[in-house]
S.K.: 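For reference, the structure I am asking about is given below.
Lettering of chains follows the sequences in order, A, B, ..., and the numbering in each one begins at 1. These figures come from a predicted structure and were not determined experimentally.
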Amino acid sequence: MTDASAAAQRAASIPLIVGADAGPRSAGARPDEDLLEGLNPPQREAVTYRGPALLIVAGAGSGKTSVLTRRVASLLRTREAWPSQILAITFTNKAAGEMRERVEALVGESARGMWISTFHSACVRILRREAEQFGFTKSFTIYDSGDSRALIKRLVKEHEADAFGLTPAATQSKISKLKNELADAESYARSANMSDPAERVFVELFGAYQRELQRANAFDFDDLIGQTVFLFRAFPHVADVYRRRFRHILVDEYQDTNHAQYALIHELTRPIGSDAPPLAGAGGMMIFEPDPADDPDKAGASLTVVGDSDQSIYAFRGADIRNISEFERDYPGARVVLLEQNYRSTQNILTAANAVISNNFDRKDKKLWTDVGAGEQIIGFTGYSQHDEAQFVADEVEVLRRTGLDYSQMAVFYRTNSQSRALEEIFIRSAVPYKIMGGTKFYDRAEIKDALAYLVAVSNPADEMALRRIINRPRRGIGDVTIETISRYAQDEGITFRDALANSSALGVGPKIQAAIAHLDAVLAEASEIMLPASGELAPPTAVAAGLQLLLTKGGYYDALRASKGAQDEARIENLDELVAVAREFARNNPEGTVLDFLTEVALVSDADDLEDASGSVSLMTLHTAKGLEYDAVFVTGVEEDLIPHRISAGEPGGPQEERRLFYVGITRARKRLYLSLAMTRAQFGEVTVAMPSRFLQEIPNELMHWRQSPGDVNSRGGTQSRALNARRQSGSGFGGSGGGQRYGDDLVPLPRSARREPGAIDRFANKIPAKVRDNGDMELAPGDRIRHDDFGEGRVDAVTGEGAKRVAHVRFDSAGPKKLLIKIAPISKL
DNA sequence: CGCTCGTCCATTTTT
DNA sequence: TGGACGAGCG
């Protein structure tokens, strides 16, 4: 490592030299002095340390982004690096955009030329340049998980693999996991138990899948990383190009990198020109022999990684926490800087967060602290149903709003996307402006995928999947039979599916179908002239939008939608118009952008409208999406067993711990106010189930919490009338009308309030929450039984539906009328 | 070949 | 609850 330390010394000495001619800045000061303003000592070190490897362990809210951007700015300001020598990897496109902005704000124009992007975007850029090296073309398609699922589904069917328990979903996830480990079909076969027929079939599928991708000139998400690693290993001279170029590599959210990403970084930071040609296809194992690169000019790039193992929440998709915990072993001599001071939250919030996360064993103890004071207590609330819970959130949002807090400073988190429904309903009804972040379905809509498939069909004629998708959309009378005919013809003639379309007359299909094929072929050809001018000249910026417009119009897509009277078809047209608008916008931002660039962007930017600001509205998102964000007020909803921790995680090794980290991430997003809410009952899959408070709630010290309504309050006598029903009236808004119980007629009837308790008394439930839940045990009820309800009085059971804890009694009360009650928890007794 | 209706299915997190 | 898919009919 002498070379490395030499490089470190060299690098470290530069600022001092440069400092002498710091130009406009005050004489003698470091040119990056202003960048260090307001930083605490560890932060300063994180910005100024120079060496081959630096690990910044950055607790939540410790100013990590600020440190990272200043470090980049400092490198530029001191002329230690040209912008083009910097590669900064972030986890999301949004984070990349923000980082670029912040660096630009610090150093201005000179930020241009830096690569600041996600792993995936960076790899696409590299692959577009180098694809020809190994049997792809630069027009390759990027398959998103839906595309690859479709392909896998077809292969599973062809191989009759489901007979071996290989469902498309299982196959896809297994392949993905393997690719994240840099394994391919061959290397996997070597280690697999091939006497197991299911394994043999899987290997077969894996291999076929990969061949199909190659044939289609396509990469799936995992390939973008894995194939780049493969490229670097198989072609050292190519790798050297990038090693020479990127002298400073920074990786954010390092705890969430998977093995392939780790390997990519490792390849990029190796000394230049020192590769022993690796064995092709040697997936899986990596050997890092110390490279005797004596020439300091060949030293590897300097690497900075930032992360927090307490915030590792992507193990389920291959993130390997060891990448960060063993960083010092992988990069001997690495400097480690710890950022523990928190600049975001109040001490109460941090204490709660520390308390929760400390229940994870096998972690380095780390305690966030702040000097801003204790702050407000954490508010707890238990709703009767998820609607009730949502109404609490909506009401509280309004209260906060009236105290002057902007909507954009509030966020609501949930574990699963499906939970957003109830929130949305209530927010709409309560006229609370909101915006759902992430999970944008725009690019998942069928019509959008169709439209994009048209573009792919033009830009990457090898992509048969895209062609198959659009060949009969809109309906052209080309069914499976015809498709098979075309496919066979192509195979016989040794041409591509796309080229077969151009020979429609030779296919031997009926005249009507032949004409349809010829027409489609002509439209595709015309569009390709617009978007891909032959003679190497650049297409005009408008080409993508124009080509798309043409495809949709002449392809008959618009007409078909207009002709149909389906209710959603109008919306589909609007969505397509929106896509065209997106293409125009893209052209404005990227005057030289090609159709490929456009497709890349939409493939990798999952939620394009994330870039739009959410100003003026409350943000709703999953806990995963929340990572890296912060808000003055945060609502974590659905804090229930089986939700967080999610029930599926229970069986998986490390699952509950990861769930705890997820909860921790949610808590630590809050600056000033934190709300934790749950519901006693939750309707999922159309069934009402009884929910139990999350175990994580009990890990928060009592004195930090103020329960507006504890789980005990809801079911012990009295309960509350659903806030969803009465809150509006309480808050004096004129919104009462829609309130009545009828709105919830199909829902379980909330328990009306008979006696109001002093809320917030924590001693009574003392977080021994589950014990407080009313439980009627296995009370047996049958039609005809008479029962007494604490609030509704006496009634007669009409029917009993459901099973176990979900049994529901349909009761006709003498005075209160018909109600549905969950037998297990309703305050009832048999007469 | 296309459409409708019915069934059945599955429901974690995402670049 | 609702979304996806298959069988069966027009």
Side-chain angles (χ1 to χ4, degrees), chain A residues 89-96 117-124 142-146 148-150 153 157 167-169 173 176 179-180 219-226 253 256-258 260-261 312-319 386 413-419 421-422 425 437-441 443-444 446 472-483 509-510 512-513 516 560 564 566 600-607 610 621-627 638 642-652 655 658-659 661-663 665-666 682-689 746-747:
Chain A
I89 301 285
T90 60
F91 198 66
T92 63
N93 294 292
K94 194 172 158 218
S117 68
T118 62
F119 272 106
H120 295 269
S121 306
C123 286
V124 170
I142 300 163
Y143 279 10
D144 66 20
S145 22
S148 73
R149 196 184 332 120
K153 192 182 267 177
K157 202 177 254 174
T167 63
S173 100
S176 173
K179 284 187 173 182
N180 286 335
F219 296 101
D220 66 19
F221 273 144
D222 302 317
D223 277 346
L224 294 177
I225 316 288
E253 307 285 11
D256 283 325
T257 52
N258 61 34
Q261 292 164 334
S312 163
I313 53 175
Y314 285 103
F316 72 93
R317 76 178 203 214
Q386 69 265 48
F413 303 153
Y414 35 81
R415 177 66 231 277
T416 66
N417 277 310
S418 62
Q419 289 168 252
R421 266 211 191 103
E425 275 173 33
M437 312 290 283
T440 301
K441 298 258 169 54
Y443 291 103
D444 278 345
N472 200 30
R473 222 162 295 179
R475 309 251 108 109
R476 304 184 167 87
I478 303 174
D480 289 345
V481 180
T482 311
I483 292 174
V509 297
K512 234 164 122 183
I513 293 179
S564 99
T600 302
E601 177 155 313
V602 298
L604 295 181
V605 178
S606 63
D607 29 36
D610 246 9
M621 69 192 84
T622 65
L623 285 162
H624 282 88
T625 309
K627 190 172 69 159
D642 289 348
L643 218 41
I644 179 158
H646 197 277
R647 81 143 57 107
I648 293 179
S649 73
E652 300 179 353
E658 176 147 319
E659 296 287 313
R661 290 195 292 270
L662 193 51
F663 187 54
V665 165
R682 191 165 288 275
Q684 33 184 359
F685 332 139
E687 293 263 347
V688 178
T689 58
D746 294 338
D747 218 330

S.K.: Detail all sub-3.5 Å separations between protein N/O atoms and N/O atoms belonging to nucleotides 2-8 of chain B.
M.R.:
unit_1: B:dG2; atom_1: OP1; unit_2: A:Gly477; atom_2: N; d: 3.2
unit_1: B:dG2; atom_1: OP2; unit_2: A:Asn472; atom_2: ND2; d: 3.4
unit_1: B:dC3; atom_1: OP2; unit_2: A:Arg475; atom_2: NH1; d: 2.6

S.K.: Could you tell me how far apart A:Ile648 (CD1) and B:dT12 (C1') are, to the nearest whole angstrom?
M.R.: 6 Å

S.K.: Can you list everything that forms a salt bridge (charged side-chain N to carboxylate O under 4.0 Å, His left out) with A:Arg647? Sequence neighbours excluded, please.
M.R.: A:Asp642

S.K.: Using the side chain to side chain donor-acceptor pair (under 3.5 Å) criterion, which residues pair with A:Ser649? Sequence neighbours excluded.
M.R.: none

S.K.: For A:Phe91, enumerate each residue passing the ring-ring contact (aromatic ring centres under 6.0 Å, His included) test, keeping only those at least two apart in sequence or located in another chain.
M.R.: A:Tyr314

S.K.: Measuring to OP1 and OP2 of B:dT14, would you say a side-chain N or O of A:Thr625 lies under 4.0 angstrom away?
M.R.: yes

S.K.: Partners of A:Gln261 by side chain to side chain donor-acceptor pair (under 3.5 Å), sequence neighbours excluded?
M.R.: none

S.K.: Return the set of residues passing side chain to side chain donor-acceptor pair (under 3.5 Å) with A:Tyr143 (not counting sequence neighbours), or none when no residue passes.
M.R.: A:Asp463

S.K.: Which atoms of nucleotides 2-10 of chain C (N or O only) lie under 3.5 Å from a protein N or O atom, and what are those distances?
M.R.:
unit_1: C:dC5; atom_1: OP1; unit_2: A:Lys153; atom_2: NZ; d: 2.3

S.K.: With rounding to the closest Å, how many angstrom separate the C1' atoms on C:dC5 and B:dT12?
M.R.: 23 Å

S.K.: Using the test ring-ring contact (aromatic ring centres under 6.0 Å, His included), find all partners of A:Phe663 that sit at least two apart in sequence or belong to another chain.
M.R.: A:Phe696

S.K.: Whole-Å distance between B:dT15 C1' and A:Asn93 CG?
M.R.: 8 Å

S.K.: Sequence neighbours excluded, which residues qualify as salt bridge (charged side-chain N to carboxylate O under 4.0 Å, His left out) partners of A:Asp223?
M.R.: A:Lys179

